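Below you'll find the structure, written out as structure tokens, and then a few comments.
Everything numeric here is computed off the predicted structure, so don't read it as measured data. We're numbering straight along the sequence, starting at 1.
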Amino acid sequence: MKPTSLHSFVSLLCLFLLSCLHLQAAPKLPNLIFIMVDDMGYHDLGCYGSKTILTPNVDRMAKEGMRFTDCYSGDTVCASARSILMTGYHKGHTPVRGNSGGIPLFPEDVTVAEVLKKAGYVTGGFGKWGLGPTDSTGSPIRQGFDRFYGYNCQRNAHSFFPPFLDDDEGIETINEKAIPGHQRKPQGEIVADDYRSKTYAPDRILAEALEFLDANKGNPFFLYCPFVEPHVAMHPPREWVERYPVEWDKAKGVYRGQNGYLPHPRPRAGYAAMISDLDEHVGAILKRLEKHGL
């Protein structure tokens, strides 16, 4: 889907869903899950041609469903692409037009979450928002989401071991020893534990998303998962750098880093590890849906 058609698509979706409100015997609304991946390349998934990065869960989705080979993001940078997705506006009409962290979404902006909420959906967002801080009109809670957990601020999202994550319109402290992002590789020996902390943020975000699924298995829900991996910082979790299942021996040399997490001494290996970790998170969502018969 090309960017110019996004607004038309969202408009049609809005009309369809609102029409459901007026049906006397409307069928059960389908659950909707949208997983957005941050800065991953087209050919980094097996179902799109990768031969080295392991993505069995996403590959399964492609095999059982369909691939969109002419689908485009609304923009080339984070915040405005998300704003276009949420509102359906062209970049020239959304207030969020770049990664400046400045103007939030306006109160009059209508997001997909707002439309779905009016149509009877429970709405939850888990991951990176970037469309306005908690105390602004762009807060996800003020833009149609019943529940939000993750990174509200993009700067905080540059670390996978941040000091806190946003919890609705509050915060949850997750690491006393916070690891900053965007550090360059230091001179001399790299000590891995200098670049990791107790809680890996993507794991907490996934846990909250699964909890949302559990709590709303009996309700029509919209689950928006703008997951942050594999965006920098290059913070692959320890288990993916140190774990080598027998059937995945080919991963040796692709995933192994020499004693480092960020700055990763072999950044392409770190990048691959983060994508495979992301794939496991997708698999966890699929398993939870199967558990609930959804």
Side-chain angles (χ1 to χ4, degrees), residues 31-40 44-45 55 57-58 61 73-75 77-87 96 99 101 104-105 111-113 116 121-134 138-172 174-175 181 199-216 221-233 235-237 274-286 288-289:
N31 296 315
L32 303 174
I33 300 177
F34 194 105
I35 300 173
M36 186 178 190
V37 180
D38 206 331
D39 279 3
M40 185 174 67
D44 292 336
L45 297 168
T55 57
N57 295 296
V58 177
M61 290 176 65
S73 172
D75 200 13
V77 294
C78 181
S80 49
R82 293 159 194 272
S83 180
I84 291 165
L85 175 67
M86 284 289 101
T87 64
V96 183
N99 286 343
L105 290 178
T111 67
V112 173
L116 291 172
Y121 282 81
V122 181
T123 56
F126 303 88
K128 184 165 72 171
W129 177 246
L131 304 180
T134 291
S139 163
I141 298 300
R142 304 182 196 188
Q143 290 289 341
F145 284 95
D146 297 306
R147 177 80 176 107
F148 177 79
Y149 186 89
Y151 297 97
N152 197 313
C153 173
Q154 290 187 181
R155 294 183 182 275
N156 194 36
H158 288 163
S159 171
F160 289 84
F161 297 100
F164 68 90
L165 289 172
D166 292 271
D167 188 353
D168 289 339
E169 292 202 319
I171 63 171
E172 178 185 64
I174 64 169
N175 284 308
T199 302
Y200 193 60
D203 291 342
R204 279 291 299 125
I205 292 168
L206 172 66
E208 291 291 332
L210 295 176
E211 187 174 307
F212 175 85
L213 277 178
D214 292 340
N216 294 288
F221 60 79
F222 170 48
L223 173 60
Y224 174 48
C225 293
F227 290 155
V228 287
E229 290 178 299
H231 193 291
V232 296
H235 275 163
M274 293 173 80
I275 291 176
S276 286
D277 190 61
L278 168 73
D279 181 79
E280 286 210 336
H281 289 182
V282 172
I285 291 176
L286 294 175
R288 194 59 57 93
L289 293 173

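Nearest heavy atom pair, residue Y151 against residue A201, reads OH-CB, 3.0 Å. The nearest pair of heavy atoms linking P230 to M274 is CB-CB, 4.0 Å. Across every non-hydrogen atom of E208 and F126, the tightest pair is O-CE2, 3.5 Å. The minimum heavy-atom distance between T134 and D168, with the atom names listed, is OG1-O, 4.4 Å.
Counting only distance, with no hydrogens or angles, the side chain of R82 and the backbone of K128 share a donor-acceptor pair below 3.5 Å. Without hydrogens or angle criteria, H281 side chain to L206 main chain gives no donor-acceptor distance under 3.5 Å. Under a 3.5 Å cut-off, the side chain of T111 and the backbone N or O of G144 do not form any donor-acceptor pair. Between the side chain of S83 and the backbone N or O of A79, no donor-acceptor pair lies under 3.5 Å. The backbone N or O of F164 lies less than 3.5 Å from a partner atom in the side chain of N156, making a donor-acceptor pair.
By the side chain to side chain donor-acceptor pair (under 3.5 Å) test, Y149 pairs with E172, R204, sequence neighbours left out. Listed by chain and number, the residues in a side chain to side chain contact (heavy atoms under 4.5 Å, CB included) with L289 are I33, L213, F221, I285, L294 (sequence neighbours excluded). By the side chain to side chain donor-acceptor pair (under 3.5 Å) test, E229 pairs with Y200, sequence neighbours left out. R288 meets the side chain to side chain donor-acceptor pair (under 3.5 Å) test with D214; sequence neighbours excluded. Checked against side chain to side chain contact (heavy atoms under 4.5 Å, CB included), N175 has the following partners two or more places apart in sequence or in another chain: F161, P162, S197, K198, T199. Take N31 and apply the side chain to side chain donor-acceptor pair (under 3.5 Å) test, not counting sequence neighbours, and it matches no residue.
Atoms CE and CG, on M40 and D279 in that order, are 9.0 Å from each other to the nearest 0.5 Å. Taking CD1 from I35 and CG from L278, the interatomic distance works out to 8.0 Å, rounded to the nearest 0.5 Å. Distance check: W129 CH2 to Y224 OH gives 6.5 Å after rounding to the nearest 0.5 Å.
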Is there a side-chain contact (heavy atoms from CB on, under 4.5 Å) between L85 and F34 once you walk through the steps?
-> CA-CA 11 Å; L85 175 67; F34 194 105; 3.8 Å; yes
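Ring geometry for H158 versus H231: interplanar angle under 30°, hence parallel rather than tilted (30 to 60°).
Here the rule is side-chain contact (heavy atoms from CB on, under 4.5 Å) with P140, and of T123, N152, D166 only N152 fits it.
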